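Throughout, protein chains are lettered first and strands after them, A, B, ... in sequence-line order, and every chain is numbered starting at 1. Since the structure is predicted, the reported quantities are computational estimates derived from the model, not experimental observations.
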Amino acid sequence: MDVSHLLDDLNPAQRAAVSAPRGHYLVLAGAGSGKTRVLVHRIAWLTEVEQIPAHGILAVTFTNKAAGEMRQRASRLVQHGSRGMWIGTFHGIAHRLLRLHWQDARLPQSFQVIDSDDQIRLLRRQIKDLGLDDKQFPPRQAAWYINHCKDEGKRPAHLQPQNPTDNTMRDIYVAYETACQRAGLVDFAELLLRSHELLLAQPALLLHYQQRFGQLLVDEFQDTNAVQYGFLRLLAGRTGEIFAVGDDDQAIYGWRGAKVEHVQHFLHDFPSAHTLKLEQNYRSSANILAAANALIANNPGRLGKQLWTDGEAGAQIELYAAYNEIDEARYIIERVQQWIAAGGRAQDCALLYRSNAQSRNFEDALIQVSLPYRVYGGLRFFERAEIKDTLAYLRLLTNRDDDAAFERVVNTPTRGIGERTLEALRLRARQEGTTLWHGALLELTAGELPARARNALRGFVELIEKLANSTRDLELAEQIDQVLQVSGLHAHYAAESRGTLEARTDNLDELVTVASRYVPAESEENLPELVAFLAYASLEAGEGQSEAGEDCVQLMSLHAAKGLEFPLVCLVGIEEGLFPSQRSLDESGRLEEERRLAYVGITRARELLIVSYAETRRLHGMDLSGRPSRFLAEIPPDVIREVRPRVNTSRPQAFTSQRGARAQIDDAPHGLRAGTRVRHMNFGEGVVVDVEGSGAHARVQVKFPEAGAKWLVLAYARLEVVRPAG
DNA sequence: GACAGTCCTGTTTTT
DNA sequence: CAGGACTGTC
């Protein structure tokens, strides 16, 4: 058999992984080492050489994008095509299972997937209904708590509240669960947990899938949470073989339940598993790689992997110490312009930041020089209010019990159903243990609503029924159009956006277009089209703006950049407190994750990496002076080049000082910085550990041997310098 | 029910 | 500072 097309252009390590004999494998694949390639080639190898039928293969990823890419590449590479394989995200696959076995999963056939926004709204409702103060129990926090529990595989019954707060949280969890179950709603974490429980509770079903999927392939294995790992393990059973690809150095989702430890668990749970490493990097210049390697070496407990390249050293990393965030943006954009002037393309430049809020200054600067750009990670198409309103109508058409949808549109556009009518409805529904829709029907037949409210409510109920009837046999796009017209939503948004730049009606039109082009995925071919479309909308919220193929500078968070690469990467805002973020400094273990995030950022760059920080940054309306990130000091000096020489200081000192440059632009008032020894009349002698703000707001944190660390406002504290720092 | 004024709070994000 | 949530008035 000729398998050369599967192995030809692979390096020895990649080849070894792709053509390994059947069994369990853990492939530790460094950044830029061709891991997706190996995964796809492995799929092809399994089908062509090991004669595994397509339907025996299950491949999971974390993002729709990755899944789409894998699907596409697999269908091209595999001779007999990829039809029959299950390739998708964990959530997508879980959804598929639940759709196929909705009865066994104790779900209504028309169950709907809700996104985090719906989840929070629903929770707000539950918290109110429990008579709790939503200041004390913010819906966001409750959502976080519940998702966290579900990620760990915990139902309320598994929890042992230690204190009143935990107890209340559990109550909220219970109430939320009941509400979801009644309304036929499933949130993202629930998809995973529910399908895991489904397999656990139905041995016959489990056996069926275990026998079917003899080969399980997992991408980004380091990002699996407990339920996902449990799911994999369960599905593998005694016979299934797992091919897991991951990189412990790129584990950046610990904060949402992912556990790198699963890599170790895997080796423990599958003792026959072999570990393979892909360490040759094809992406970055040697200098960039050296920086990444040196940085990540500071993390303890790594599985051990050293990326290397036989490529050229390349340009040194540029470091720019900006005066403030405006200067930073100005400089970075200037460099981007230079790159383009030298023949580069705008789309080859990426600006990466720790938090999305940082994009603004760069956007301003880009607008000023009229460079086209694109910001990733804002509100996505299916998350827009007008789109969600429309979808809520559609949801009600498929499932009247969908309380979240009901609440959303019962009075949108306004039709005279006010808060007190709604309150009566909710009360009725709660008393009867039923849904709002049902409550409304009861209220209409037997209620004591004032005539006006009653008529308004009847109007709504009739509207939904009428729409359900009139759209039954229409094409999806026509259904949506019909809903938009008859419900008055289109007119509502047309009236609202008159005179505004915001083109909400354009989005509504776009929704109709999207629907007209919608083709259900292979896995959803058997579903009613509308149900499939709604699931698609929730699971794949769509990219931000329209897919402009334009040549744009790319702006995104570091998290969003994972898996991507760019010739020029600008890593901005590299300041203590910002990156690593303040909150990561407070919790143990988080700093390592921040470092991995930095590692991810650095390894996105192919040719040139520019890093920058601002000595002063306006944040939340206050000027803060920041110190350069500790991560900078972890990069070997010889691969980095400071672009603007600092006033009278050499580099290592420049990293801990903000005095030189600051003196030029503002008051450089107190001369205090980290390391300065000061005396306080009450606390005695101490060492400055942090400086914040300027002028009248300036504060310093001083560590005193007796009193501990204190924040002192300079204007009041009358500190005396004992010995300057450095 | 619409609108204006006030309060408050600000990571990362996919699904 | 700025966007969102909430309150109070007409």
Side-chain angles (χ1 to χ4, degrees), chain A residues 60-67 88-95 113-121 124 134-135 138-141 143-144 147 150-151 186-193 195 220 223-225 227-228 251-258 325 352-361 376-380 382-383 385 411-422 452 456 495-496 535-543 556-563 573 577-587 590 593-594 596-598 600-601 617-624:
Chain A
V60 266
T61 63
F62 280 82
T63 66
N64 289 308
K65 203 165 150 195
T89 61
F90 271 105
H91 292 86
I93 282 163
H95 176 244
V113 180
I114 55 170
D115 66 11
S116 25
D117 181 61
D118 294 323
Q119 185 185 32
I120 286 172
R121 285 162 176 271
R124 174 167 294 128
D134 62 0
K135 290 229 163 41
R140 286 193 141 282
Q141 218 167 296
W144 192 88
N147 292 336
K150 290 187 179 180
D151 286 345
V186 174
D187 62 41
F188 292 131
E190 183 74 25
L191 282 171
L192 302 173
L193 181 53
S195 50
E220 306 278 13
D223 286 334
T224 46
N225 66 32
V227 171
Q228 288 162 336
I252 55 174
Y253 286 110
W255 51 274
R256 70 174 201 220
E325 76 282 1
L352 308 183
Y353 32 76
R354 177 65 238 265
S355 72
N356 283 317
Q358 286 168 257
S359 72
R360 265 200 67 153
N361 297 313
Y376 290 78
L379 201 56
R380 283 170 318 175
F382 287 109
E383 291 169 358
N411 202 33
T412 316
T414 48
R415 49 175 69 89
I417 303 174
E419 194 50 37
R420 63 185 193 292
T421 311
L422 220 43
R452 181 191 277 266
E496 187 196 88
Y536 163 80
S538 309
L539 285 167
E540 200 156 341
E543 268 306 326
M556 67 189 83
S557 73
L558 284 157
H559 286 87
K562 187 156 96 155
L578 202 61
F579 188 32
S581 75
Q582 190 54 53
R583 286 184 73 179
S584 71
L585 296 174
D586 302 339
E587 278 173 72
R590 293 291 201 88
E593 184 155 312
E594 295 283 303
R596 292 193 289 267
L597 197 51
V600 167
R617 180 175 296 273
R618 210 174 166 76
L619 205 62
H620 310 322
M622 267 203 306
D623 281 322
L624 302 175

Practice task
Classify every nucleotide of nucleotides 4-12 of chain B by which part a protein heavy atom approaches to under 4.0 Å, writing B for the base, S for the sugar-phosphate alone and - for neither, in 5'-to-3' order.
Solution key: ------BBB
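- dT13(B) atom C1' lies 15 Å from atom CG of D117(A), rounded to whole Å.
- In this structure, T414(A) reaches the dA2(B) phosphate: one of its side-chain N or O atoms is under 4.0 Å from OP1 or OP2.
- Minimum atom distance to the side chain of N411(A) is reached by dG1(B), of the listed dG1(B), dA2(C), dT15(B).
- Remark: Q358(A) pairs with S355(A) by the side-chain hydrogen bond (donor to acceptor under 3.5 Å, both in side chains) rule, at least two apart or across chains.
- Straight-line distance between the C1' atoms of dA2(C) and dT13(B): roughly 22 Å, to the nearest whole Å.
- To the nearest whole angstrom, the two C1' atoms, one in dC6(C) and one in dT11(B), are 24 Å apart.
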Exercise for the section: Using a 3.5 Å limit on both pairing distances, list the dot-bracket string of DNA chain B from the 5' end; Watson-Crick and G-U wobble pairs count, crossing pairs take [ ], interstrand pairs take |. Expected result: ||||||||||.....
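- Comment: K562(A) engages D223(A) in a salt bridge, judged by a side-chain N to carboxylate O separation of less than 4.0 angstrom.
- Distance from the side chain of S116(A) is smallest to dT15(B) among dT13(B), dC1(C), dT15(B).
- For E325(A) and R618(A), the salt-bridge test fails: no basic side-chain N is under 4.0 Å from an acidic carboxylate O.
- Between F62(A) atom CZ and dT14(B) atom P the separation is 14 Å, expressed in whole Å.
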